[in-house]
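What follows is one structure encoded as structure tokens, with my remarks underneath.
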Amino acid sequence: MRNFGTMNATIAQLKKRFEQALVAAFGTDLAGTDPILVPASNPKFGDYQANVAMSLAKRLGRAPRAIAEQIIQHLEVSDICEPPTVAGAGFINLALKTQYLETQLKALQSDARLGIAPTQNPQRVIVDYPSPNIAKEMHVGHLRPSVIGDAIARVLEFLGHDVLRLSHIGDWGTPFGMLIAYVKETYPEALASGELALGDLATFYRAAKKRFDDDTTFQEAARLAVVQLQAGDAETLRAWKVVCNLSNRTNRQIFDLMGLSPHIQERGESFYNPHLAGVLEELKRLGLLVEDAGAQCVFLEGFTNKEGKPLPLIVQKSDGGYNYATTDLAAIRYRVAEDKVQRVIYPVGAEQTNHFAQIFQVGRRAGWITDEVEFFYAPLGAILGEDGKKLKSRSGDAVRLVDLLDEAIARARTDLETRLVEEKTRRDRRVYCQCRKSRRH
RNA sequence: GCUCCAGUAGCUCAGUUGGAUAGAGCAUCUGCCUUCUAAGCAGACGGUCACAGGUUCGAGUCCUGUCUGGGGCGCCA
């Protein structure tokens, strides 16, 4: 059951009255009949309408309007509504009494919770927060999951749920390998000193990406760096830690700028790293794992490739590395087994619909996701530029989030100042006019 | 090729288990506020709900097909 606020309580109350009226008018056969009470389709019909008379016409073998008339003869709602009326094909229209509304509104006004009762069955809920890859700066794509995720978390918390805010940051894996390989190759002194301003890192990232795209031997070096990272190589880990700390500080500043909850916990890909092998083992034990072209896969039901063959979800690459899907599966397993959640919400861009359907399917087939726990993917649209395409900077990269926020704040401030000046001018003019008017008399 | 999402007024979108004459904001036009390049108020205009079938007392809503746009589709995240 949902928890009822005041307006919902009104609907519940009216429904009860209708159920009583239905029994009084037509007998106990109709006990428990849904009165189909909904908000009025148009304000001119009042506040609520009951559509049950039409639905009963065939069953009772009588005209809907006659049924409606008989219902309202037995309907006792005078403490809440004006006298009900029958209209159209057999609609019963209800208008709330002004005095009833007054009483309700006054009650809301004096209630710190605005009439919203805490939930009857609080759950442990995880809300997935935007997961920037910390090898890169946050960009415009992180805005929506930030704001929407935070809003969802606040609403659930207000309702009385135990909300765990987790940022599944990309602090591991391929982009890091590329970066580490590039730093090792081009700026070994920065690695040794441990000093890297993030701005430099962003530049490094672009240069490394170009290097990665242009040179196949460098791609190999990057992949090797990932393996070294996952194998726990000391120097690689040192470089990794420096980058993590810098990046986390910067991201927290951006979170603060957006006014996000201070209670966001970082639980990134590195957190799940020790659990990945266990995920593989369990999938293998369950008979879900299949080797294909050197990669460890789970073949999916309902997903096919261009040739119509079942599509694999790759959980271990042919080079031995793990990927996005593996970490997400580890997170699913951990959240159920260790966090003991009843609900997990992922506000993530809509383009990942397939990915979530796939990992949820594997999670269910592995027995981690049961009917007792709800994994909910909340797809989000993208923020588009004026050309209707994803918002890009002039150089073609995604717009940096900090730039976007700075500009938004600057524009809002300019707009506010303009309005304040206009308002003052208007006030002065009004005073002036009133003076002239009063002088005339 | 397969698959997911979307298509409602000029624009941006609501439309709650299928219910009344499909709504709102913006834009446009008209009028009002007896002095304002402001602001507001009132009204008007504006729809084959992408298209074609089907289900039924009734379809924007459910089913089937078609068209258009967007996303995704083996070792990125």
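Proteins come first, then strands; the chains are lettered A, B, ... in the order of their sequence lines, and each starts at number 1. Only a predicted model underlies this, so the values are computations on that prediction, with no experimental measurement involved.
Ring pair Phe360(A)/Tyr346(A) is tilted by interplanar angle, where 30° to 60° counts as tilted.
A ring-centre distance under 6.0 Å is not found for Tyr377(A) and His355(A).
Salt-bridge check for Asp339(A) with Arg335(A): failed, with every basic side-chain N at 4.0 Å or more from each acidic carboxylate O. We find that Lys309(A) and Asp292(A) are not joined by a salt bridge, their nearest charged nitrogen and carboxylate oxygen being 4.0 Å or further apart. A salt bridge links Arg223(A) with Glu220(A): at least one charged nitrogen is closer than 4.0 Å to a carboxylate oxygen.
Residues of residues 325-334 of chain A that place a heavy atom closer than 4.0 Å to RNA chain B do not occur.
Closest approach of Phe212(A) and Ala222(A) over heavy atoms only: CE1-CB, 3.8 Å. The two residues Leu329(A) and Gly363(A) have their closest heavy-atom pair at CD2-N, 4.2 Å.
Spacing of C1' atoms, C33(B) relative to G43(B), comes out at 15 Å, to the nearest Å. Between G23(B) and G47(B), the distance separating the two P atoms is 14 Å to the nearest Å. Taking atom C1' on both U30(B) and C67(B), the two are 40 Å apart, rounded to the nearest angstrom. Going from the C1' atom of U12(B) to that of G46(B) covers 15 Å, rounded to whole Å. Using atom P as the reference point in both A77(B) and G72(B), the two lie 16 Å apart (nearest Å). With both ends at atom P, the span from U68(B) to A59(B) equals 28 Å, rounded to whole Å. Nucleotides U61(B) and G15(B) are separated by 9 Å at their C1' atoms, to the nearest Å. G19(B) and C63(B): their P atoms are spaced 15 Å apart (whole Å).
No engagement by Glu291(A) is indicated, since no non-hydrogen atom pair under 4.0 Å with the nucleic acid exists. Gln49(A) comes within 4.0 angstrom of a nucleotide base, judged by non-hydrogen atoms across all strands. Residue contacts for Ile36(A): at a heavy-atom cut-off of 4.0 Å it reaches a base atom on one of the strands shown. Using a 4.0 Å heavy-atom cutoff across all strands shown, Ala293(A) reaches at least one base atom of the nucleic acid. Across all strands, Ala89(A) comes closer than 4.0 Å to no nucleic acid atom at all (heavy-atom distances).
Asp29(A) meets the salt bridge (charged side-chain N to carboxylate O under 4.0 Å, His left out) test with no other residue; sequence neighbours excluded. Asp319(A) is linked by a salt bridge (charged side-chain N to carboxylate O under 4.0 Å, His left out) to nothing, counting only residues two or more places apart in sequence or in another chain. Scored by the side-chain hydrogen bond (donor to acceptor under 3.5 Å, both in side chains) test, Arg65(A) finds no partners at all (sequence neighbours excluded).
Rounded to an integer number of Å, the gap from CG of Asn51(A) to C1' of C57(B) is 14 Å. The nearest whole Å value for the distance from the CD atom in Gln358(A) to the C1' atom in C2(B) is 13 Å. Atoms CG (Leu56(A)) and P (G58(B)) sit 18 Å apart, rounded to a whole Å. Remark: P of U16(B) and CG of Leu37(A) are 15 Å apart, rounded to the nearest angstrom. Atom CG of Asp47(A) and atom P of U16(B) are 18 Å apart (whole Å). In this structure, Ile359(A) atom CD1 and A77(B) atom P are separated by 13 Å, rounded to whole Å. At whole-Å resolution of the value, NZ in Lys15(A) and P in U17(B) are 12 Å apart. For the pair Tyr377(A) OH and C5(B) P, the interatomic distance rounds to 12 Å; values are reported in whole Å.
Ring stacking holds between Phe91(A) and A20(B), with the centres under 5.5 Å apart and the planes within 30 degrees of each other.
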For RNA chain B, what is the dot-bracket line, given that a base pair needs Watson-Crick (N1 to N3, plus N6-O4 or O6-N4) or G-U wobble (N1-O2 and O6-N3) geometry with both distances under 3.5 Å, and | means paired with another strand?
(((((((..((((.....[...)))).(((((.......))))).....(((((..]....))))))))))))....
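Although no hydrogens or angles enter the test, the distance criterion places no donor-acceptor pair under 3.5 Å between the side chain of Arg333(A) and the main chain of Trp368(A).
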Short heteroatom pairs, N/O only, protein and nucleotides 71-74 of chain B, under 3.5 Å:
unit_1	atom_1	unit_2	atom_2	d
G72(B)	O2'	Asn354(A)	ND2	2.8
G74(B)	N1	Asn305(A)	ND2	3.2

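One distance of note links CD1 of Ile36(A) with CD1 of Ile92(A); it measures 10.5 Å at 0.5 Å rounding.
Nearest to the side-chain atoms of Val38(A) among the listed nucleotides U17(B), A77(B), G19(B) stands U17(B). Counting only heavy atoms from C-beta on, Asp34(A) has its side chain closest to U17(B) among U17(B), C75(B), A77(B). Nearest to the side-chain atoms of Lys58(A) among the listed nucleotides C57(B), C75(B), G19(B) stands C57(B).
Counting distance only, with no hydrogens placed and no angle test, the side-chain atoms of Asn93(A) and the base atoms of A20(B) include a donor-acceptor pair under 3.5 Å.
Side-chain contact check for Asn251(A) and His142(A): no donor-acceptor pair (N or O, by modelled atom type) lies under 3.5 Å.
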Kindly determine whether Asp150(A) and Tyr129(A) satisfy side chain to side chain donor-acceptor pair (under 3.5 Å), including the steps that lead there.
CA-CA 8 Å; Asp150(A) 207 55; Tyr129(A) 268 65; 2.4 Å; yes
